[in-house]
Structure formats: C-alpha cells, structure tokens
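Below is one structure, written out as structure tokens; the observations come after it.
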Amino acid sequence: MKDLKKAEDLRVRLISWYADNARPLPWRETHDPYLIWISEIMLQQTQVATVIPYYLKFSKRFPTIKRLAEASLEEVLALWSGLGYYKRARQVKQSAEQIIKGFDGLIPRVHKDLLSLPGIGKYTAGAILSIAYDLNYPILDGNVMRVLSRVFAMDEVLNAKGVQNKLWSLAEKILPEKKAGMFNQALMELGALICLPSGKKSLCHDCPISESCEAHQKDLVSQLPKLPEKREKVKIQQVMFLLLEKKGFLILQRPDDVLLKGMWELPGKEISDQPHQEAAYQILKEDFAVDGNPHYLSSLSHSITYRAITCHVYLIHVSGEVKKSLMNRLESRTLEYRWIQRDELQDLPHSSLIDKVMLLLDPVQKDLF
DNA sequence: AAATCGGGGTT
DNA sequence: AACCCAGATTT
C-alpha cells in the first residue's frame, strides 16, 4: 500500500521535526489532565497567543477541578472575559461539577464519557485522551485539516460530511502505535508554523514532509484546502453611553435570551441610518429618561461573529433630578443595573467591547473625575 | 447541512 | 478588510 508507506515516512519525519521545533507552551509543561482539558477548551477556535495569558490566570485561580467546581459561575465568566465564546466557560464549569459528582473528580479516560460532557466534541475528546493519557485517538482540527488536505491533495470543499469522514479516517490511519499525543501535537504544530493557510505563504521549503505531500508535488498548495463560503458580514451601528455620576458609571446586565447573555455592558442601543448624534439624544431620552445633550467621545469598531459593529460612544454626567428620573426608569425595568468604578469591571463578566471603551477613555479621563 | 457563537492575530 | 484560529451545539 502506497498510503501506508507514506504514513510511516510521514510519522518519522514529523516526530523528529517536532522534537526540534515544538514551541514552549504553558500547557506543555503539565501532565495534569484537568489543565490539559482547560487548555483544549480555551484553544477551541482561539489562537495560541490569545489563550496563553488566560490559561495562566485560570490555572492559578482554579488549580484543581475541585476549585473550579466550587467557584461561582460569575467568577469563571469574569476570568473568561475577553476570550470569547462564553458558553465554553459555562460548560467548563458545568463539566467540572459533573466530573466531581459522576467521575470521582477525575477527567474521564473513556471516549464516550468525555463526549457526554458539555463542550467536549470529537476533537477535544481525542486531544485529551491522546495528550493527557497517551491513548491512541486521532484528532482533526483546522490545522490538521489543512495539512491532510494538502498531503493527500483533496480538492473537495472541506465542510461536507463525506470529506470530514475521510479526513477523520486519514487522521486515524496515520496515527502511530505509540505516542499519539506527541504525534497529534506535531501535526497541529506543523499546521501552525509551516503549513500555513493560503494567503499566507506556506513555508514548504522548511517542511519536513514536503516530499510526501501531493499538493507540494503538484504545486497545488496555494489552492488547498478548499474552504466553504462564509456568511456575509452585517454592518451594525449602535450608540453607547457612559452615564457618569459621582460614584462611577452605569452598567447593565444583558438578558438571558440574547447574544452575550448575562454579561455586563454599557447602556446603549442599535440605531438605523439616522445621524448618531440625533439617535443618541433620542435614545437617552426615550429609553433612559435622561433629558440632556450627551457629549460625543469617539467611535470604535467591534466584530462579533458575522456582525461588524460600529459603536458611537457618548458621555453625559447625571445628577439631581436627571439622575432621579434615570433611576426611576431603571427600577421599572427587569434588567439588573449597577454603578461601578472602572477597576470593578475585572470582577464582572463582560465582553471586550466595554474594555475598548475604557481604553478610549484614557486620554480624557482626568477631565472626567 | 447550515447557522451560531467572540475576538483578535496576521497579512 | 479578509482570513482563520488546538470546534461544539443548535436549528
């Protein structure tokens, strides 16, 4: 079999390359299945460089699964703030409780048990089993898909079910009999450092397995893998308010049935085509019962999945009767609200948009307080 | 099968 | 501004 010979050749070269080129990453310094699990969840659709500081904070604050299970969800979400995909934080917390209860506090080493936990799919289960327990399970992530689709010159669009099955099957076939964890990481590392997405230049001249790579031989590297079309971006405009009073500024908690559920944010609203100055005045009056002219601070961009948000930030001091009117309006709503200082934000679940607004504030802060 | 969920690193 | 990242889950 040609494929089998190819697989053996590929294994040897890849492992050897990895020995010399593996990046020193924090989660590579531990054998604790709990910490490896946490790293894998954080790394879902999230780049290594982004994850590192969060992983370090998390492993320090919740060094054991028991500590995580006993923590409050709010604290976990606060620590996760800025990392995105906040469902992961809820699921990690929920899984920790399930593991304490149902698995004696030990991260399962059975594939089916891992898959039963929220937030763990086929990739993450394989990663935990191979990396933490050195069991022979394949993985298939974005990196591995790119590498395999090139090595085997697969020209079908990747998202189809049949193609996915084929890729999983290949990932399983090329797996060595021992050291699956190291091999899996080597495959991903190759995708991260050498076999880069089209658009970036692939570094085939440094690739340890270019001789086994069909795409390289046929000069198809820049055309593979074939990716599905992406959803069109939707442009959204919104206004956002810094309502300042003596003791700080106002934040609201998002409801449970929307994007970023339960996260704290500045008061604001999506607007249509009207000038944002007018919208700001009107929304302040109608939605927050504040009659006054907000001061335009600046606008910033923020994107959430397919949404490209332009956020116009306004600032207004509230006190006396104006504040009383605002408080009345807030009390009549079911939304939670708080007045906080800037340094209290880090203890509350919040998206990075509000952090961007805070940074915007730096140049003018001395004029505010 | 397609849509949804965050945010930023990189080019 | 586009692409895509150590994907999972819901529709």
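First the proteins, then the strands, lettered A, B, ... as listed; each starts at 1. From a predicted model like this one, the values you see are computed outputs, not experimental measurements.
A:I41 comes within contact range of no nucleotide atom at all, as no heavy-atom separation falls under 4.0 Å. Residue A:I131 is out of contact with every strand shown, counting any heavy-atom pair closer than 4.0 Å. Within the nucleic acid shown, A:P118 comes within 4.0 Å of sugar-phosphate atoms alone, with no base atom in reach, counting heavy atoms only. Across all strands, A:L259 comes closer than 4.0 Å only to sugar-phosphate atoms, never to a base (heavy-atom distances). Among the protein residues, A:S351 comes within range of the sugar-phosphate backbone only, with heavy atoms under 4.0 Å from sugar or phosphate atoms but none that close to a base. As judged by a 4.0 angstrom heavy-atom cut-off over every strand, A:V48 is placed among the base-contacting residues. Within 4.0 Å of A:I36, counting heavy atoms only, lies no atom of the nucleic acid at all. Residue A:W27 is classed as a base contact, given a heavy-atom separation below 4.0 Å to a base. Heavy atoms of A:S303 sit under 4.0 angstrom from at least one base atom. Residue A:G82 is in sugar-phosphate contact alone, with no base atom involved, counting any heavy-atom pair closer than 4.0 Å across all strands shown.
Rounded to a whole Å, the CD atom of A:E40 is 13 Å from the C1' atom of C:dC5. Taking atom NZ of residue A:K161 and atom P of nucleotide C:dT9, one finds them 14 Å apart after rounding to whole Å. Protein atom CZ of A:R231 is 15 Å distant from nucleotide atom C1' of B:dA1, rounded to whole Å. The nearest whole Å value for the distance from the NZ atom in A:K87 to the C1' atom in C:dT10 is 7 Å. If you take CG of A:D355 and P of B:dG7, they are 9 Å apart, rounded to a whole angstrom. If you measure from atom OH of A:Y85 to atom P of B:dG7, you get 10 Å, rounded to the nearest angstrom. Nucleotide C:dC5 holds its P atom 17 Å from the CG atom of A:L25, rounded to whole Å. Protein atom CD1 of A:I309 is 11 Å distant from nucleotide atom P of B:dG6, rounded to whole Å.
Contact of the A:F62 side chain with the A:V92 side chain is not registered, since no non-hydrogen atoms from C-beta on lie closer than 4.5 Å.
Between the base of B:dG6 and the side chain of A:S352 there is no donor-acceptor pair shorter than 3.5 Å.
Taking atom P on both C:dA6 and B:dT11, the two are 13 Å apart, rounded to the nearest angstrom. With both ends at atom C1', the span from C:dC5 to B:dC5 equals 14 Å, rounded to whole Å. Here, C:dC3 and B:dG6 have their C1' atoms 16 Å apart, quoted to the whole Å.
Within a 6.0 Å sphere centred on NZ of A:K356, other residues, nucleotides and ligands contribute more than 12 heavy atoms. No more than 12 heavy atoms of other residues, nucleotides or ligands sit less than 6.0 Å from atom NZ of A:K285. Open room surrounds CD on A:E211; 12 or fewer heavy atoms of other groups in view lie less than 6.0 Å from it. Atom CG of A:D219 has 12 or fewer neighbouring heavy atoms from other residues, nucleotides or ligands inside a 6.0 Å radius.
Under the side-chain contact (heavy atoms from CB on, under 4.5 Å) test applied with A:F249, the options A:L361, A:V357, A:L244 reduce to a single match, A:L244.
A sub-4.0 Å separation between OP1 or OP2 of C:dC5 and a side-chain N or O of A:R146 is present. Neither OP1 nor OP2 of B:dA3 sits under 4.0 Å from any side-chain N or O of A:T305. The side chain of A:S198 places no N or O atom within less than 4.0 Å of a non-bridging phosphate oxygen (OP1 or OP2) of C:dC3. For B:dC5, the OP1/OP2 oxygens have a side-chain nitrogen or oxygen of A:R307 closer than 4.0 Å. Considering only side-chain N and O atoms, A:Q45 lies under 4.0 angstrom from the phosphate OP1 or OP2 of C:dG7.
Candidate nucleotides B:dG6, C:dT9, B:dC5 were compared by shortest atom distance to the side chain of A:Q91, and C:dT9 ranks first. Between C:dA8, B:dG6, C:dC5, one nucleotide has an atom nearer to the side chain of A:Y86 than all others, and that is B:dG6. Distances were taken from every side-chain heavy atom of A:R23 (C-beta onward) to each of B:dG7, C:dA6, B:dC5; the shortest belongs to C:dA6.
Looking at every heavy atom in both residues, A:S81 comes nearest to A:M263 through OG-CE, 4.4 Å.
Heavy-atom nearest nucleotides on DNA chain B were determined for A:G162 and for A:K356, and the one closer to the 5' end corresponds to A:G162. Between A:K235 and A:R28, it is A:K235 whose nearest contact on DNA chain C lies nearer the 5' terminus.
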